[in-house]
> 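A single structure is presented below for examination.
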Amino acid sequence: MIFAGIVGAGLMWGWLLVLFVDQRPNRTRAQPEAEAEDSSSKFVRYLNAFIKKWQTERRPYLNLLAVTLFTSWFAWVIYSIVGATLLVPFFIASIIAFAVHLIWRQRLRQLQKSRS
């Protein structure tokens, strides 16, 4: 039962990563925001600047960094709950779901372009 849950989590995680990564740049997405207070730490200011830049520019290295950060965190959660042996099926399921979903979205875009 745990194995099925881990594989299901990997499938959902891979599916969600495509939604996160496979987006077109959107310059109007970020709203103007008040500057961070001087009392906030240097890390918080850096994180706020990173998020603001990620929301407006969508550079590939920012997507890769964000995906790596979030996947590492999620893998750590799985590791802390069930151990290291079940990380392998999680990553395999994530990669398969990511690839299938990415291919599916690209084919949908191609069909939409051919119909226009």
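In this chain, numbering begins with 1 at the start of the sequence shown. Computed from a predicted model, the values in this text were never measured in an experiment.
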> Verify side chain to side chain contact (heavy atoms under 4.5 Å, CB included) between Arg107 and Leu111, making sure each step is shown before the conclusion.
CA-CA 6 Å; Arg107 287 188 181 171; Leu111 281 171; 5.5 Å; no

> I'd like to know if Val7 and Val77 are part of one continuous hydrophobic network [Ile/Leu/Val/Met/Phe/Trp/Tyr, side-chain heavy atoms within less than 4.5 Å].
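Looking at the clustering, Val7 is in the same group as Val77.
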
> Relative to the ring of Phe74, is the ring of Trp13 parallel (under 30°), tilted (30 to 60°) or perpendicular (over 60°)?
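Aromatic pair Trp13/Phe74 classed parallel.
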
> Taking all heavy atoms of Ala93 and all of Leu11, pick out the closest pair and write down the distance.
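Heavy atoms of Ala93 and Leu11 come nearest at O-CD2, 3.6 Å.
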
> Supply the atom-to-atom distance Phe90 CZ to Ile6 CD1, rounded to the nearest 0.5 angstrom.
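Answer for the CZ-CD1 pair, Phe90 versus Ile6, is 8.0 Å.
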
> So, for Ala97 and Gly10, which heavy atoms are closest and what is the spacing to 0.1 Å?
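Looking at all heavy atoms of both residues, the closest pair is CB-O, 4.4 Å.
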
> Decide whether Val44 and Tyr46 are clustered together by the hydrophobic rule: side chain heavy atoms of Ile, Leu, Val, Met, Phe, Trp, Tyr closer than 4.5 Å, transitively.
no

> Calculate, to the nearest 0.5 Å, the distance between atoms OG1 and CZ belonging to Thr71 and Phe98 respectively.
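Answer rounded to 0.5 Å: 9.0 Å.
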
> Quick check for you: to the nearest 0.5 Å, what is the distance between Leu86 atom CG and Phe91 atom CZ?
12.0 Å

> How long is the straight-line distance from NE2 of His101 back to CZ of Arg105, given to the nearest 0.5 Å?
5.0 Å

> Find out if a path of hydrophobic residues (ILVMFWY) with successive side-chain heavy-atom gaps under 4.5 Å connects Met12 to Ile103.
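In one cluster: no.
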
> Atom CH2 in Trp76, atom CG in Leu87: separation rounded to 0.5 Å?
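Result: 12.5 Å between the selected atoms.
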
